[in-house]
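Read the structure below first, then the notes.
What's counted below: heavy atoms across the whole structure, side chains too, no hydrogens, waters or symmetry copies. Order of the sequence lines fixes the chain letters, A, B, ..., with proteins taken first and strands second; residue numbering starts at 1 for each chain.
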Number of protein chains: 2
Amino acid sequence: MNIGEAAAASGVSAKMIRYYETIGLIAAPGRTAAGYRVYGENDLHTLRFIRRARDLGFSVEQMGELLALWRDRSRASADVKRLAERHIAALDRKAEQLLEMSRTLRRLVHECHGDRRSACPILDDLAESADEGDDRRRLVSTITSQFGDRGR
Amino acid sequence: MNIGEAAAASGVSAKMIRYYETIGLIAAPGRTAAGYRVYGENDLHTLRFIRRARDLGFSVEQMGELLALWRDRSRASADVKRLAERHIAALDRKAEQLLEMSRTLRRLVHECHGDRRSACPILDDLAESADEGDDRRRLVSTITSQFGDRGR
DNA sequence: CTTGACCTTTCCATTATGGGAACCTTCATC
DNA sequence: GATGAAGGTTCCCATAATGGAAAGGTCAAG
């Protein structure tokens, strides 16, 4: 099976399959005399595994860990569980951040008439409430030299 | 005020201030004879506006739109509201995707003993449930019949 | 006048993905 | 056998937003 067929059968694009190969996530497959990559059933399993993990939001690095655990017959399921739980926590954290932004924005939108007049609490808030907290300011000036400040 | 002070006072890193300048999000400020960038109160307002918008998850492009609306005395608040509402929807959509992943993973984790044994429904699921979709499955069985399996 | 903190520009790296060019291979069809 | 379409190969480029590092100029305090 060549790369296009493997892509269609796994749901991972040919482009990404080659990429995963270059970064060492998957092994280099055999080649035909003409240089075409040749994939077999095992490769397909791996690719499907990868697509599924990717759909669950795992990073390439985490997929590497998962693949290693998958192939390791002697690993304890606790290892897998730990990885999954950490990922769940990260997903929830990110989601919560987004929802927090959404709530804030929703509050502002609620106060905005949204008519043809120009008064707009949304912009007013963006313009003014931006310098909340002197701690932050002090913190920033003290810290930014040594740590990257991403202010979140 | 030079760039370091502007950064500390706005919460936007010096690096990012320069970046925003190169991409045209903010205007190039004046310079001292030595070439140092010089910022004034107005610039500071803009930078604070930017940081606040960034904290709300707006992209650079959207910040550009917001800035334009902010500076445009004649714009209708409805324009701002529309932009904000679209952004709220996008935030909610992303959050929902993350939560959906989280839920799926949580379900799998729930079924995993997480002990020293190797049985692990998480990996099993990743390995197996990946081939939903009949097109794909049909394709696979058609294709794999003609090629020997050359795994790794 | 030296020192250290700050400024300048330029280049590189990150993550995961896609696009495109230039060129070669396979295969079906005329 | 020639031809063209479809698909393979590599290599380079681009994305969004951010940081890091290098090499060098500037400023204020000692």
*For A:L25 and C:dA16, what is the distance between atoms CG and P respectively, to the nearest whole Å?*
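Taking atom P of C:dA16 as the reference, CG of A:L25 is at 10 Å.
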_So, using side chain to side chain donor-acceptor pair (under 3.5 Å) as the criterion, who are the partners of B:D43 when residues are at least two apart?_
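Applying side chain to side chain donor-acceptor pair (under 3.5 Å) to B:D43 gives none.
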*asked:* Please compare A:T32 and A:K15 by the position of their nearest nucleotide in DNA chain C and report the one closer to 5'.
replied: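 Nearer the 5' end of the strand: A:K15.
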*By nearest nucleotide on DNA chain D, pick out whichever of B:E61 and A:Y36 is the more 5' one.*
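So the residue in question is A:Y36.
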_Along DNA chain D (nearest heavy atom to each residue), the more 5'-positioned of B:A33 and B:V60_ =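 Between the two, 5'-proximity favours B:V60.
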*Measure the angle between the two terminal helix axes of the helix from C:dC1-D:dG30 to C:dC30-D:dG1, five base pairs each, and quote it to 10°.*
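Between the first-five-pair axis and the last-five-pair axis there is 30°.
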Taking 4.0 Å as the cut-off, does a side-chain nitrogen or oxygen of [X] come that near to OP1 or OP2 on [N]?
X     : N      : result
B:R31 : C:dT9  : yes
A:R51 : C:dA16 : no
A:R18 : D:dC11 : no
B:Y20 : D:dT18 : yes

Show me the donor-acceptor pairs, under 3.5 Å and distance only, between side chains in residues 19-31 of chain B and residues at least two apart or in other chains.
from	atom 1	to	atom 2	distance (Å)
B:E21	OE1	B:R37	NE	2.8
B:T22	OG1	B:Y19	O	2.8
B:R31	NH1	B:G35	O	2.8

*Can you tell me if CD on B:E61 sees more than 12 non-hydrogen neighbours from other groups inside 6.0 Å?*
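Atom CD in B:E61 is not crowded, with 12 or fewer foreign heavy atoms closer than 6.0 Å.
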*B:H45 side chain near B:W70 side chain, heavy-atom distance below 4.5 Å*: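 Yes; the side chains approach each other to less than 4.5 Å.
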